[in-house]
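Because only heavy atoms are used, hydrogens play no part in the values below, and waters and symmetry mates are left out as well, while side chains stay in.
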Amino acid sequence: MTNELSGKVAVVTGGSSGIGLGVAQRFVDEGARVVVADVDRERGEEDAGGLGPDAAFLRTDVAVPDDVAGLVRYAVETFGGLDVMVNNAGISGARHTTLVGNAAR
């Protein structure tokens with residue numbers, strides 16, 4: 001990449017570890033401001049802090065629609081907009097019928 005993300009605002013769910021953290025780091029390296037979203041508050045705050053001033057953290061459970069709406073609002077309020085969303089978070093355990101609709105039946 002060649003700073004294609006310069007000036008952009010991104011959200012990365014599942015951003016406090018693994019692929020999500022790698023994506024967040026790369027986006028910051030490429031000039032984006034990034035909101036790291038994850039259910040792990042302690043790790044997320046630490047990792048976002050390690051990414052520097054162009055990163056912020058918000059505890060978010062992507063299985064909760066109000067959390068996702070709040071995440072979008074937070075990105076807009078914190079960095080002035082939202083250009084990219086990377087939905088990297090995984091949901092394990094019980095099926096969430098609100099997310100999979102009729103496919104779960």
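In terms of hydrophobic clustering, with Ile, Leu, Val, Met, Phe, Trp and Tyr side chains grouped at heavy-atom distances under 4.5 Å, V34 and L5 are assigned to a common cluster. In the hydrophobic clustering of ILVMFWY residues, with side-chain heavy atoms under 4.5 Å counting as a link, V86 and V9 come out apart. Under the 4.5 Å side-chain heavy-atom criterion for grouping Ile, Leu, Val, Met, Phe, Trp and Tyr, V84 is not connected to L82 through any hydrophobic cluster.
Annotation: salt bridge (charged side-chain N to carboxylate O under 4.0 Å, His left out) contacts of R43 (sequence neighbours excluded): D47. Contacts of Q25 classified as side-chain hydrogen bond (donor to acceptor under 3.5 Å, both in side chains), with partners at least two apart in sequence or in another chain: D29.
Residues F79 and P53 come closest through the heavy atom pair CE2-O, 4.4 Å. Contact between G14 and A89 at its shortest, heavy atoms only, is N-CB, 3.7 Å. V28 and A55 make their closest contact through CG2-CB, 4.5 Å (heavy atoms, listed as atom of the first residue, atom of the second, distance).
Summarising the geometry, atom CZ belonging to R26 is positioned 14.0 Å from atom CG belonging to L21; distances are rounded to the nearest 0.5 Å. The CZ atom of F27 sits 12.5 Å away from atom CG of L51, with the distance rounded to the nearest 0.5 Å. Distance check: D83 CG to R33 CZ gives 8.5 Å after rounding to the nearest 0.5 Å. From E45, atom CD reaches atom CG of L58 across 9.5 Å, with rounding to the nearest 0.5 Å.
Side chain of D38 to main chain of S16: a donor-acceptor pair is present (N/O by atom type, distance under 3.5 Å, no hydrogens or angles). Side-chain N or O atoms of N88 include none that pairs as donor or acceptor with a backbone N or O of V12 at under 3.5 Å.
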I'd like a table of donor-acceptor pairs (distance under 3.5 Å, sequence neighbours excluded) in which one partner is a side-chain atom from residues 65-77, with atom names and distances.
unit_1: D67; atom_1: OD2; unit_2: D61; atom_2: N; d: 2.9

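Between R41 and F57, the closest side-chain pair of non-hydrogen atoms falls below 4.5 Å.
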